[in-house]
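Right, one structure below, let's go through it.
Protein chains get the first letters and strands the later ones, always in sequence-line order, with residue 1 at the start of each. Atoms considered below: every heavy atom in the structure, side chains included; atoms not considered: hydrogens, waters and symmetry mates.
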Number of protein chains: 2
Amino acid sequence: MSQMQNVEKQLREMILGLEIGPGERLTERWIESRFGASRTPVRAALLRLETEGLVCRDGRGWTVSPINLAEIEQIAVYREAIEVAAVKLTCALEDRSAVDVVEAMLDSCDAGTPREEWHRVGMDFHIELARLSGNEFLFRAVRDAMTRLSRARWLEVRDEAALGRAWAEHRAILAAVRAGDANEAAHRLSAHIVGSRDRLVTSLHNDRRGLRARGFAVVAA
Amino acid sequence: MSQMQNVEKQLREMILGLEIGPGERLTERWIESRFGASRTPVRAALLRLETEGLVCRDGRGWTVSPINLAEIEQIAVYREAIEVAAVKLTCALEDRSAVDVVEAMLDSCDAGTPREEWHRVGMDFHIELARLSGNEFLFRAVRDAMTRLSRARWLEVRDEAALGRAWAEHRAILAAVRAGDANEAAHRLSAHIVGSRDRLVTSLHNDRRGLRARGFAVVAA
DNA sequence: GATACCAGCTTGGTATCCCAAAATGGTACC
DNA sequence: GGTACCATTTTGGGATACCAAGCTGGTATC
């Protein structure tokens with residue numbers, strides 16, 4: 001069996017699921033024994049995860065990337081550029097019926113849906129919306145950005161009302177895309193990303209003490 | 001000595017310098033013997049170069065990524081999004097004096113400058129311009145995009161006049177940035193990228209037969 | 001008691017070995 | 001002559017052995 005992809009996938013899930021905390025040190029030997037693989041696939045996995053920004057070299061050795069508030073702010077600016085570009089492209093398409101698929105994703109979440117699912121769909125919304133543009137590079141850039149944000153968004157303390165507002169914004173964006181109104185879609189998407197960033201940064205900042213108590217490294221720069 | 005970074009660097013230069021042609025098959029064993037390293041660093045190098053888009057898996061095995069005309073067109077759209085976003089950020093900065101450093105790069109090329117240098121500076125202009133924005137993600141995205149375009153741009157048949165026009169456009173962009181005129185800078189940069197794409201695609205398309213004769217794989221999709 | 005130094009252990013980097021699968025090439029049969 | 005099949009080789013993926021650098025803990029000396 002190909003352990004390589006398995007190690008990579010499982011390790012990514014452990015990191016994204018915060019089973020291994022941000023800032024925690026990793027040794028190749030520990031991963032090796034933890035997943036029953038040898039160092040070759042472990043090494044490949046670490047190299048891949050490094051390019052995704054989930055682990056980083058720590059002098060000699062590896063560390064699960066800390067939550068970086070400055071990075072989160074920069075990613076928001078980055079997202080605004082690429083997601084707005086993608087949604088404008090999509091609005092210019094003749095056939096925009098694929099938005100229905102994205103809308104269906106939103107519909108799949110209701111009051112009984114576990115929080116984990118809301119989290120996943122909230123990210124996939126942006127990823128799939130970018131995919132509609134048909135531009136592979138914009139799509140990948142959005143996907144990678146959301147991956148980097150994933151843990152921080154999971155740590156975010158969100159209430160029902162905030163989720164409801166986010167979903168309403170999502171729907172408004174889709175409506176503008178469906179209507180082919182690029183400016184409206186771009187404007188609403190921009191506002192959504194900026195608002196999302198503010199809520200995220202505020203939440204993390206307020207809960208910083210609690211996060212540190214859980215052993216999670218949260219750095220400001 | 002750490003062979004790892006050496007293998008990666010040398011292999012990247014061979015690929016970017018077209019010493020190994022686009023579409024050529026690579027075997028880990030060949031790289032191993034060619035650079036006197038063992039397979040572990042060779043694999044690390046291949047994994048890294050894969051994320052840069054310079055090599056790609058070919059079923060079982062590795063291939064130097066072919067020149068992909070569809071990819072070049074998509075990258076142009078991508079570049080427009082990220083470079084325009086970066087230049088707008090830069091225009092919003094209070095201290096934009098760093099543009100002088102970029103302008104000095106342009107000045108370093110004159111009639112006696114070898115073609116290789118024009119090629120390098122032509123890419124570094126865009127990379128350094130993006131760096132001025134202060135956004136690490138926009139910067140990296142531009143750098144990676146230019147890396148992917150590097151070989152195609154090197155294959156491009158460019159005359160003196162075309163280079164002169166490109167340099168004039170570069171200077172006009174810098175002038176707008178220096179003046180803090182975000183709209184003007186964005187407009188000129190957009191036009192430059194689109195024009196650059198058109199010249200590039202046309203040149204490659206016209207010379208496609210010649211490229212194939214040199215053993216270079218050029219695919220349309 | 002404090003500090004400097006040394007031994008041993010940990011750890012990432014490298015080299016090498018093994019294996020399974022796929023490509024290759026040659027041969028035999030139709 | 002062509003095609004199908006089998007042996008051999010090639011090749012990437014995985015496992016393991018080895019090494020050098022750095023950290024740790026303990027001890028001995030001042």
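Taking the six-membered ring where the residue is Trp, B:H170 and B:H192 present perpendicular rings, their angle passing 60° and hence far from 30°.
Identified under the ring-ring contact (aromatic ring centres under 6.0 Å, His included) test for residues 49-84 of chain B, with sequence neighbours left out: A:F137-B:Y78.
For the pair B:R120 and B:W154, the NZ or CZ position fails the cation-pi test of under 6.0 Å to the six-membered ring centre and within 45 degrees of the ring normal. Under a cutoff of 6.0 Å and an axis angle of 45°, A:R212 and A:F216 do not form a cation-pi pair.
No side-chain donor from either of B:R158 and B:H119 sits under 3.5 Å from a side-chain acceptor of the other. Inspection of the B:T113 and B:D110 side chains reveals an N or O donor paired with an N or O acceptor under 3.5 Å.
When the C1' atom of D:dG13 is taken as reference, atom CG of B:L47 falls 12 Å away, rounded to whole Å. Counting to the nearest Å, the P atom of C:dG12 and the CZ atom of A:R25 are 8 Å from each other. For the pair B:F35 CZ and C:dT14 P, the interatomic distance rounds to 15 Å; values are reported in whole Å. Rounded to whole angstrom, the span from the CG atom of B:D58 across to the P atom of C:dA23 amounts to 10 Å. Distance CD (A:E8) to P (D:dG14): 11 Å, rounded to an integer number of Å. A straight line from CH2 of B:W62 to C1' of C:dA22 spans 17 Å, rounded to a whole angstrom. Following rounding to the nearest Å, B:I31 (CD1) and D:dT10 (P) show an atom-to-atom distance of 18 Å.
Checking D:dC30 for Watson-Crick or G-U wobble geometry (two distances, each under 3.5 Å) identifies C:dG1 as its partner.
OP1 or OP2 of D:dG13 sits under 4.0 Å from a side-chain N or O of B:R57.
Of the candidate nucleotides D:dA15, C:dG12, D:dG12, D:dA15 has the atom nearest to the side chain of A:P41.
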Check: residues 198-209 of chain A side-chain donor-acceptor pairs under 3.5 Å, at least two apart:
unit_1, atom_1, unit_2, atom_2, d
A:T202, OG1, A:D198, O, 2.7
A:S203, OG, A:V157, N, 2.9
A:N206, ND2, A:T202, O, 3.4

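Looking at heavy-atom distances under 4.0 Å, A:L26 makes contact with sugar-phosphate atoms alone, never a base.
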Protein heavy-atom contacts under 4.0 Å, written 5' to 3' over nucleotides 16-23 of chain D as B (base), S (sugar-phosphate only) or - (none), form the string BBB--B--

